[in-house]
There are 2 protein chains.
Amino acid sequence: MASKTYHHGALRQALIDETKAILAERGHDQFSLNEVARRLGVSSAAPYRHFTNREELLTAVATEGYDLLYRALQPAAGGTGDPRERLLRMGGAYVRFAHDHRELFMTMFHDRHGSTPLGGESFDLLIAAVAAAQQAKVLPGNASPELMARSVWAALHGLAELVLRRPGKRFGFDAPPEELAVTTLTTLLQLEP
Amino acid sequence: MASKTYHHGALRQALIDETKAILAERGHDQFSLNEVARRLGVSSAAPYRHFTNREELLTAVATEGYDLLYRALQPAAGGTGDPRERLLRMGGAYVRFAHDHRELFMTMFHDRHGSTPLGGESFDLLIAAVAAAQQAKVLPGNASPELMARSVWAALHGLAELVLRRPGKRFGFDAPPEELAVTTLTTLLQLEP
DNA sequence: ACCTGAACACCGTTCAAGT
DNA sequence: ACCTGAACACCGTTCAAGT
């Protein structure tokens with residue numbers, strides 16, 4: 001299939017893409033560097049021309065994951081309309097992303113890789129949405145937007161993590177992501193409908 | 001050191017204990033079944049008389065972890081006194097546990113093992129504390145105790161997870177666990193001092 | 001500059017054999 | 001019943017050598 005010179009300088013990106021494909025199939029802890037190389041038709045030593053080790057490849061994948069998360073949150077955050085709906089849409093998008101990209105999400109937040117952005121740009125979207133909600137008196141203004149955004153992020157992130165654990169019925173985490181996000185945020189923040 | 005018959009039927013528990021010791025030293029993804037056996041002076045096949053595979057040993061460790069978490073929450077949950085303080089103490093204890101038992105906590109919530117209790121008994125403690133807070137009008141009564149407890153758990157769990165990622169300064173997750181729990185809960189739930 | 005081939009120590013797991 | 005010894009395929013990583 002692939003000739004010997006197929007990856008003319010593009011092996012680095014091919015490694016990242018193939019890793020994402022494997023993550024979508026198998027679990028992120030089943031991932032093997034040798035398998036990626038095998039599937040791309042290169043030797044098991046080839047990846048080391050582009051990444052110093054297995055961990056650095058996963059860091060690159062996680063970084064693309066943070067970018068993907070940002071682009072999933074953007075449409076939800078960009079809408080005008082009332083600030084309450086905007087905040088709930090963002091929450092739904094966050095939990096939906098975790099649900100739809102299980103293994104990528106776990107790679108982003110569970111794997112031990114060097115310093116990752118940890119969703120810095122996504123966090124800015126949340127701060128803006130929270131600030132707007134505070135100005136519209138949908139959220140209380142006694143906490144700074146940064147602090148409120150951090151707290152909301154914790155709630156959404158914990159929700160996403162617990163959903164991914166697929167717990168038993170008794171905890172009720174088996175509802176659709178958007179519904180869970182709305183229920184959790186309205187309960188905690190006492191948002192009136 | 002250890003004679004050949006040292007583990008007279010107690011190898012199972014010794015494997016669990018040694019795994020916990022390794023977790024405290026190294027990371028939970030650095031853990032190797034062979035190393036546990038080596039440190040206990042048994043062959044690498046010996047563990048398979050007590051666990052069908054590596055995953056099942058980690059499940060046993062996680063189960064002990066859930067028990068430890070329960071015992072860490074109990075004193076915080078048991079206190080009489082006002083319901084607001086009780087809820088904040090429980091939150092602090094949860095995040096403190098994650099902080100003090102990093103690798104065990106990750107084993108409990110990140111590793112892919114068979115169905116674990118997921119802190120069912122701990123969840124009951126939280127439901128009781130939430131119900132008491134609702135009756136004292138510290139928390140709103142428009143949501144059921146179960147639903148409110150689930151939401152509070154999500155917030156605390158997300159907080160714990162994000163603390164464990166050791167993010168940069170900008171997110172502010174580098175404060176003491178108890179302080180973070182109090183700040184997050186009071187911000188979200190609008191608890192008055 | 002980028003990749004191969006062969007090698008290293010290590011891993012999880014199996015299985016016949018020992019007591 | 002419980003453990004050993006040896007073996008298997010596989011893994012991450014290194015390095016001299018090829019183009």
Side-chain angles (χ1 to χ4, degrees), chain A residues 1-23 25-62 103 106-107 110-114, chain B residues 1-62 103 106-107 110-114 116:
Chain A
M1 280 297 204
S3 77
K4 273 200 170 178
T5 51
Y6 180 68
H7 300 292
H8 43 286
L11 179 57
R12 188 192 145 89
Q13 188 59 44
L15 288 164
I16 295 176
D17 292 342
E18 198 65 28
T19 300
K20 284 162 119 177
I22 293 179
L23 287 182
E25 300 169 20
R26 295 159 168 68
H28 80 292
D29 44 3
Q30 235 73 29
F31 160 78
S32 135
L33 192 51
N34 283 8
E35 188 192 358
V36 183
R38 212 179 306 127
R39 281 168 60 142
L40 288 174
V42 294
S43 81
S44 65
Y48 290 88
R49 290 296 122 187
H50 302 277
F51 301 98
T52 64
N53 51 28
R54 177 198 139 108
E55 192 180 308
E56 220 197 39
L57 169 55
L58 287 176
T59 301
V61 169
E103 303 300 333
M106 289 183 179
T107 302
H110 292 188
D111 276 0
R112 205 174 308 260
H113 33 234
Chain B
M1 280 297 202
S3 77
K4 273 203 171 177
T5 52
Y6 178 69
H7 300 291
H8 42 288
L11 179 56
R12 188 193 146 90
Q13 188 59 44
L15 287 164
I16 295 176
D17 292 343
E18 197 66 28
T19 299
K20 282 162 121 179
I22 294 180
L23 287 183
E25 300 170 19
R26 297 160 168 66
H28 80 292
D29 45 4
Q30 236 72 29
F31 160 78
S32 134
L33 193 50
N34 283 9
E35 188 191 359
V36 184
R38 211 181 305 127
R39 281 168 62 143
L40 288 174
V42 295
S43 81
S44 65
Y48 290 88
R49 291 295 123 189
H50 302 276
F51 301 97
T52 64
N53 51 29
R54 178 197 138 108
E55 193 180 306
E56 220 196 40
L57 169 56
L58 287 176
T59 301
V61 169
E103 304 299 335
M106 289 183 179
T107 303
H110 292 187
D111 277 1
R112 205 175 308 261
H113 34 234
T116 39

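Proteins come first, then strands; the chains are lettered A, B, ... in the order of their sequence lines, and each starts at number 1.
The distance from atom CD of B:E55 to atom P of C:dG12 is 13 Å, rounded to the nearest whole Å. Separating the CZ atom of B:R38 from the P atom of C:dC10 is a distance of 7 Å, rounded to the nearest angstrom. To the nearest angstrom, P of D:dT13 lies 10 Å from CD of B:Q30. Taking atom CZ of B:R26 as the reference point, atom C1' of C:dC11 lies 14 Å away to the nearest angstrom. To the nearest angstrom, C1' of C:dT14 lies 13 Å from CG of B:L33. The distance between atom CD of B:Q13 and atom C1' of D:dC2, rounded to the nearest whole Å, is 18 Å. Across the protein-nucleic acid pair, A:L40 atom CG and C:dT4 atom P stand 11 Å apart, rounded to whole Å. Going from atom CG of A:D29 over to atom P of D:dC11 covers 14 Å, rounded to whole Å.
Toward the 5' end of DNA chain D, the nearer of the two residues B:S44 and A:F31, judged by each one's closest nucleotide, is B:S44. For B:R49 and B:R54, each mapped to the nucleotide of DNA chain C holding its nearest heavy atom, the one lying further toward the 5' end belongs to B:R54.
Residue A:N34 places no side-chain N or O under 4.0 Å from the OP1 or OP2 atom of D:dC10. Note on A:H50: every side-chain N or O is 4.0 Å or more away from OP1 and OP2 of C:dA1. In this structure, A:S32 reaches the D:dC11 phosphate: one of its side-chain N or O atoms is under 4.0 Å from OP1 or OP2.
The minimum heavy-atom distance between A:A60 and A:I16, with the atom names listed, is CB-CD1, 3.8 Å. Minimum interatomic distance between A:S32 and A:R54 (heavy atoms only, all atoms of both residues): CA-NH1, 4.4 Å. Summarising the geometry of B:H28 relative to B:T107, their closest heavy-atom pair is CB-OG1, 3.5 Å, with the distance given to 0.1 Å.
For B:E56, the salt bridge (charged side-chain N to carboxylate O under 4.0 Å, His left out) test picks out no residue, with sequence neighbours left out.
Side-chain atoms of A:Y48 lie closest to D:dG12 of the nucleotides D:dG12, D:dT4, C:dC3. Out of D:dT4, D:dC3, C:dT4, the shortest distance to the side chain of B:A45 is found at D:dT4.
Secondary-structure stems of DNA chain C, taken as three or more successive Watson-Crick or G-U wobble pairs (i with j, i+1 with j-1) under a 3.5 Å distance threshold, comprise C:4-8 with D:12-16, C:12-16 with D:4-8.
We find the CG-CG distance between A:L15 and A:L33 to be 7.5 Å, quoted to the nearest 0.5 Å.
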Check: Step by step, would you call A:F31 with A:D111 a side-chain contact (heavy atoms from CB on, under 4.5 Å)?
Finding: CA-CA 12 Å; A:F31 160 78; A:D111 276 0; over 6 Å; no
Notebook entry, point to check: Passes side-chain contact (heavy atoms from CB on, under 4.5 Å), B:L11 versus B:H50? Steps please.
Noted result: CA-CA 8 Å; B:L11 179 56; B:H50 302 276; 3.6 Å; yes
